[in-house]
Amino acid sequence: MFNNIRAWLALLFISSATINYAELRHIRKTDPEAKCGYASCHPTKPNMLNVHLVAHTHDDVGWLKTVDQYYYGSETLIQKAGVQYIIDSVVASLLKDPAKRFIYVESAFFFKWWKEQTPELQEQVKMLVNEGRLEFIGGAWSMNDEATTHYQSTIDQFAWGLRKLNDTFGECGRPRVGWQIDPFGHSREMASMFAQMGFDGMFFGRLDYQDKDERLMTKKAEMIWHGSANLAEKADLFTGALYNNYQAPPGFCFDILCADQPIIDGKHSPDNNVKQKIDAFFEFVTKMSKGYRTPNLLITMGEDFHYQNADMWYKNLDKLIKYANERQANGSNINLLYSTPSCYLKSLHDAGISWPTKSDDFFPYASDPHAYWTGYFSSRPTLKRYERDGNHFLQVCKQLGALTPKQSPEFEAHLGFMRETMGIMQHHDAVTGTEKQKVALDYAKRLSVAIRACGANMRNILNTLSLGSKQNELDGSKNNVLEFKTCTLLNISSCSVSETNERFALTLYNPLAHSTNEYVRIPVPDYKYIVLDHAGKRVPTQVVPVPKALIQIKHRKSSAAFELVFQATQLPPVGYKTYYIEKNSNATRSLAPTAMPKKSSSYTSIGNKQIKLTFDTNGFLSQVTADEMTRMISQEFLYYEAAVGDNREFLNRSSGAYIFRPYKNKYHFAADQVDIVVYKGDLVQEVHQQFNEWISQVVRVYSDSNHAEFEWLVGPIPIDDKMGKEVITRFNSDIESNGIFYTDSNGREMLKRQRDHRDSWYVRIHEAVSGNYYPVTAKIALEDKLARMAILTDRAQGGSSLKDGALELMVHRRLLHDDAFGVDESLNETEYGAGLIARGKHHLFVGQSHLRPSISLQALERVAQLETLLPSWRFFSNMSAFSSTQWLSKFKNMYTGIASALPKHIHLLTLEPWHHNELLVRFEHILEQQDDPILSKYVQFNVRDVLSGFNIQNMRETTLDGNAWLDEHQRLQFVPDAAGEDYNSYATFSRAAKSVHLLRADKPQLDALYSSEALPAGPLAAESNRIKRSVESKHFTMHRGGAHMHSKPVKQAQDKYLIELSPMEIRTFVVYLG
Ligand SMILES: [Zn+2]
């Protein structure tokens, strides 16, 4: 269906409208009196080792306790942690002494606290922020995970957190530094996003222990991270690995939660320990300084939920600083100061030296030779899927919230709640599955409430849109004539509206900016239905039985034994189409699905003209034909036996919520014979496979599809044998992949992986399976010169290629032991008294790797990735009150919110109501430079044509988060090492230890690119004078991609609404409405 390139090229008519330069509002400036940011840093001392003490607290937005339990400080027997007390206490301490500094990270907690404060205290806190004494770092709603999160959700939760900070504090509330101190490994895409959001740098805590050793030894713990293979310097981020995760040096934890001795300075006290403490501290910093390049060190003074009694920390820090700095009179060259990560970063910047670079990511993370944190890539598979549903509905809710002709007072609160809930879901103990069971249930409950709240908005808005001008014709029709209900149990093929009504409507809302065709499946109790499209025309249908294994789930209370399938065509972009579905008792028996006769002696095939799948006599997939070639491809389910140990030494590590550790790397086949039933019809062909009592699958190919779908159903994973199990699906092929495979980074760029290898450091892997696992948020692939195989996932999963030609993905895990990283529970999820059952989909693409005559397979995969991430949202309405004729005449059954569709590889990433009379809009080019020879090029279009339904007054480009003007925002620049410089200048093993933290005197200072803050917007501004290309035709234009973005002569376009996107580029705008 994608063969015709022209089908991609939606027409975009370019208009040149006059622009009203209305006053641009709503990004707040700095208070003129304020002295925040780098200007508020305490000075460092030249020729000394400056030790930046960073007072901080790490407040998980749920982990062992729920978000609210952490905030209010309840359930102290689980953990003594109350965030409200922390902020109360810190603010009081800061107000007493202008020298003190504190950083705060999680906006979810901060704004909960803020709302409860008196206006007087709020003013005092604003003063603290304006003076840089209280500084926001990170600033997103939560400190998001980086392996299992999708970039759309990460951007959203930063946009919302930073917006609340800007609304409340103006520019002084804007964080300059990312602070990812606890996530379990770090993605390259996250670095790219931080850079595009305008952050100057980022610090983190966890990296592989071998990588860390090597980096400290060679002074490469701080670096310039190239965040993108497509976006050049604008995705570069200065990044630093912290020395001691985020903890205080041993012996210097002064919190009420710690047991270290305070600094006892009573002159005659028998316990006086000043000398001993300062000696120990100096020993620590001297050792630490050997790992870093400049005479500055960042020392984290705090930990999880510290500072509930801030004075205790500060009193001891005051003494530490005082007694340490007193030694300077006697020749000490160590200088301690209250600081923040951004002040530390500024010192690094001002040192004027060069830095190493890095282009790979920090996955997987191992904390010791047998603890690979690769289990959480797959832990809690149903929560991970639910989170993805949440993102899907949030986008629908935002779009319809922007499109509604009539605002209602509750809309904003409901949408805000959904945004905030999704922000919480991104936390590194939420979507990761590393929280306690009760906390996981709390997250799921929050999300279900948020979906209901947004659902109320949707019902209201869709009624308004579908009644249109006919609103008054209907009796009692003031509000909500139709239900527009979301069936949340479609994942188990159940929906009360379609099961209990003989007449109902299905409204398909398409959140993509191109029109789509989609196969729809509706759970129904019978097989006799007719489906009418928006114009009353009958649509071809097919009925298939709900898989037997699903019917047999005891707690599935549903009368739906069938799924009614039809193809919804030409779903309007950013709009909806409604179908009318009616029971038709006259239908003949021939509509009933019948299984193909069983053939035990020959092969079975399903497929269409584009792709054909063959199953062997044992019921396994055996080959795939696509792109005029046939490859041996099989698929099977296996499980690893989870390692069990007492966790007292590395070798005895158990597999757990964080850690994946298969016992002796042994796997077991789920079945050697698969029972299959085959259904074939005009719309879809399906093979229903039963592997064993707890694993089944439906493999299907729709008649118009270029790929195959594998819908797996796994669980309850049996544990009668007292063995934890980690279940994988594995696709084996004859593709000669040579140890190389590819996984996505947060759903965007693909990263090359090589078995038993890391790109930027030498690795010794002691866990052959889990040490080769990588996070798969959306896609895993491999190829050789001829063929390519890719699998799209519907949620985050761990995956790998452990032998050439094979790809595996972990779909479910059930464990009986804890891995001793704090959660203190085994990951043994149950529902309705039995082990949790999970259901999900994989999309398999097979084809020519390079020689396709038309669009590349990679490009087709990208579009499918988008269409599976954001398919149409299904709204069901009971139609008992309206016959099909009445329905046709009374309702507007098709609607689009945009005037011109975008090409399929341009994604309307964001369309949401922002401040009053404002929209926040993001456009994204979803292809990488290498994806497709024709489509991986610049695309140009006019925003006004796309959003022509809106009365646009003005538009201005922002950073990726939407809270700073792109042409005004500047980032600190860092200079990369010249070739060879890193080794010669910094490798400690080549130098005398006593001089390591001091730079060589003969090392020339690099030309200062710094202090760009002080420069006016202009030549150095990040993107201020982005050149617009001239309009070549009435169609949108595409230009060749590659490194020479603006090398050709270009004309300055007159129309600011005419924008251009290069491969992988995202551009963000605030659009002002009249
Ligand atoms: Zn944490």
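Atoms within a ligand are numbered from 1 in the order they appear, just like the ligands themselves. Just so it is clear, the model here is predicted, and its values are computed rather than measured. Atom set for the values below is all heavy atoms of this structure, side chains included, hydrogens, waters and symmetry mates excluded.
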**Asked** Under 6.0 Å between the ring centres of Y773 and F660?
**Response** yes
**Prompt:** So L869 and H150, side-chain contact (heavy atoms from CB on, under 4.5 Å) or not? Walk me through it.
**Reply:** CA-CA 10 Å; L869 177 79; H150 191 272; 3.5 Å; yes
**Prompt:** Are F136 and F110 close enough that their ring centres sit under 6.0 Å apart?
**Reply:** yes
**Y365 six-ring centre to R206 NZ/CZ under 6.0 Å and within 45° of normal** = no
**Prompt:** Testing R188, R753, R758 for salt bridge (charged side-chain N to carboxylate O under 4.0 Å, His left out) with D361, which one passes?
**Reply:** R753
**Request:** Kindly write out the residues that satisfy side-chain contact (heavy atoms from CB on, under 4.5 Å) with H817, not counting sequence neighbours, or none if the list is empty.
**Result:** V644, S654
**Asked** Using a cut-off of 2.8 Å, how many protein N, O or S atoms lie below it in distance from the Zn ion (ligand 1)?
**Response** 4
